[in-house]
There are 2 protein chains.
Amino acid sequence: MARKTGSHSQITGPKIQEAALQLFARHGYAAVSMRQIASEVGVQAGALYNYVPDKQTLLSQLLVDHMQALLAALDELPVAPDPKAALEQFVRHHILYHVPRPDEVFISYMELRNLTPDNHARVAALRQDYEGRLAIVLQAGVSAAQFRVPDAKIASYAIIALLTGVVNWFDPNGRLSAQGVADEYWQMVAQLVGLQVANGGDT
Amino acid sequence: MARKTGSHSQITGPKIQEAALQLFARHGYAAVSMRQIASEVGVQAGALYNYVPDKQTLLSQLLVDHMQALLAALDELPVAPDPKAALEQFVRHHILYHVPRPDEVFISYMELRNLTPDNHARVAALRQDYEGRLAIVLQAGVSAAQFRVPDAKIASYAIIALLTGVVNWFDPNGRLSAQGVADEYWQMVAQLVGLQVANGGDT
DNA sequence: GTCTATAGTGCGATAGAC
DNA sequence: GTCTATCGCACTATAGAC
């Protein structure tokens, strides 16, 4: 153990991603230096460039990976029988996927402006794909006269913002588990779209 | 006109604030240099230090000013007769105040982590004061059995996030005016807290 | 694959002339 | 109040030894 130098290609790569993710989330992309990332990983700055072409690509890769994984997880859910079930599924998926990954969520919203235009376009397209899924569900519910919202597109923005806000206050050691939070948010979203909800979630 | 040098103390100060606000919002605090701000204002970098002690204070002042103005505007509203009216007032105030000020909103959420601990504490206290007003309204409505939400505190987080998200998509040249957006969001928030809402807002 | 060393650039902030 | 000039430092990315 504790040898100072050597080959670690299997280990160093992922460690760079993790360290960059954490540092970017905590201090912001522009405020974090490659030296800081290297220090966190336990190598010298120059060694990073065996794994990453440059700092911009490192950020871009983190965001693309996150959005792709989020979409892939959504695609693995079973098909819901009706708009209400589809909406509940989306709400629970969004919260349960995001809550354990606050750093990814943070940089995915905060660091878009530090992407070069082409990288920004790739991430924005993935985001639009994801958010569009919710808009489709809402539109279906409105068309079926099951939901009542002023505008399906605007409601989708509102619901995404509401759900994503969870990561700003969620505390893993707090009163509520992620499941409990998902239960409460589902009640609020159900009411938001005009569904009648049974009283306060007794078991 | 067009003289190159001279005294402009009445003009330069505010111009620095404006330029810094815009640049911080667009590129992030850490990514913006004092030279860029100076260039936007039309002076050399050194001249900024006649108005601002340092870059950190410049950021901090922008955030504190924004939160204080937001709270002051809230305090000027008339006292609402009941929780429903108070909630509607808060929703409309929040949207109508924020929508014309997207840059302030942006940096107030994004640049908190670039504040020194003492500056952060000042801004966080102001934010907590503001958001607490909504929590109080919600709690009052729940106690009076007029609202139905799983938890007043969590509902306040959800509603703040939902409302603030407006600045991410609002387009001054779009279909809806700020007033129209406020109308639609009020309907959604009213439903979210379990109020029965009349159909779609026909005039 | 990692190291050391460094080229080349830009930064925040200050000093002193006008 | 603004300018020019500059100090001292940190940065990204590369080069070449091991």
Side-chain angles (χ1 to χ4, degrees), chain A residues 1-24 26-62 107 111 113-116 118-119, chain B residues 1-24 26-63 107 111 113-119:
Chain A
M1 287 219 157
R3 66 175 181 174
K4 273 276 178 58
T5 69
S7 294
H8 303 281
S9 66
Q10 305 302 323
I11 295 174
T12 304
K15 274 175 91 174
I16 291 171
Q17 311 275 334
E18 274 170 49
L21 173 63
Q22 203 173 108
L23 289 168
F24 288 165
R26 192 122 54 205
H27 308 292
Y29 171 78
V32 172
S33 70
M34 295 299 270
R35 284 171 171 78
Q36 279 175 273
I37 297 170
S39 161
E40 191 74 21
V41 172
V43 297
Q44 292 301 312
L48 297 180
Y49 292 88
N50 292 315
Y51 301 90
V52 176
D54 52 35
K55 195 185 171 190
Q56 166 70 209
T57 305
L58 179 53
L59 173 65
S60 160
Q61 202 54 242
L62 289 172
I107 65 168
E111 304 298 354
R113 58 188 170 171
N114 286 311
L115 293 173
T116 54
D118 49 325
N119 286 333
Chain B
M1 287 221 159
R3 65 174 183 176
K4 274 274 178 57
T5 69
S7 295
H8 303 280
S9 66
Q10 305 302 324
I11 295 174
T12 305
K15 275 175 90 175
I16 292 171
Q17 312 274 334
E18 275 170 48
L21 172 63
Q22 205 173 105
L23 288 168
F24 289 164
R26 191 121 56 205
H27 308 291
Y29 171 77
V32 172
S33 70
M34 295 299 271
R35 284 169 171 79
Q36 278 175 273
I37 297 169
S39 161
E40 191 74 21
V41 171
V43 297
Q44 293 300 313
L48 297 181
Y49 291 88
N50 291 316
Y51 300 91
V52 176
D54 51 36
K55 194 185 172 190
Q56 167 69 209
T57 305
L58 178 53
L59 173 64
S60 159
Q61 202 55 242
L62 288 172
L63 298 202
I107 65 168
E111 303 298 354
R113 58 190 170 170
N114 286 311
L115 292 174
T116 54
D118 50 324
N119 286 333

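As the structure is a prediction and not an experimental result, all values here were calculated from the model. Chain A is the first sequence line, chain B the second, and so forth, proteins listed ahead of strands; every chain is numbered from 1.
Under the rule for a salt bridge (Lys or Arg N to Asp or Glu O under 4.0 Å), B/Arg35 has no partner lying at least two apart in sequence or in another chain. Judged as a side chain to side chain contact (heavy atoms under 4.5 Å, CB included), and not counting sequence neighbours, the contacts of A/Arg26 are A/Gln22. Taking B/Ser60 as the reference, B/Asn119 meet the side-chain hydrogen bond (donor to acceptor under 3.5 Å, both in side chains) condition, with sequence neighbours excluded. Listed by chain and residue number, nothing satisfies the side chain to side chain contact (heavy atoms under 4.5 Å, CB included) test with A/Glu18 (two or more places apart in sequence, or in another chain).
Phosphate proximity of D/dC11 to A/Ser33: present, with a side-chain N or O under 4.0 Å from OP1 or OP2. The side chain of B/Thr12 places an N or O atom within less than 4.0 Å of a non-bridging phosphate oxygen (OP1 or OP2) of D/dT2.
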Per-pair distances, 0.1 Å, donor-acceptor, side chain in residues 40-53 of chain B, under 3.5 Å, sequence neighbours excluded:
| from | atom 1 | to | atom 2 | distance (Å) |
| --- | --- | --- | --- | --- |
| B/Asn50 | ND2 | B/Ala47 | O | 3.4 |

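In this entry the distance linking CD of A/Gln44 with C1' of D/dA10 reads 15 Å, nearest Å. Here the P atom of nucleotide D/dT2 and the CE atom of B/Met34 are 14 Å apart, to the nearest Å. One atom, CD of A/Gln10, and another, P of C/dT2, lie 11 Å apart when rounded to the nearest Å. The distance from atom CZ of B/Arg35 to atom P of D/dT6 is 13 Å, rounded to the nearest whole Å. To the nearest angstrom, P of C/dA13 lies 13 Å from CD1 of B/Ile16. Remark: C1' of C/dG12 and CG of B/Asn114 are 15 Å apart, rounded to the nearest angstrom.
Using a 4.0 Å cut-off on heavy atoms, the residues of residues 47-57 of chain B that approach DNA chain C are B/Tyr49, B/Asp54, B/Lys55, listed by number.
Across all strands shown, A/Val32 has heavy atoms under 4.0 Å from sugar-phosphate atoms exclusively, and none from any base.
Here the closest non-hydrogen pair linking A/Gln17 and A/Leu62 is OE1-CD2, 3.6 Å.
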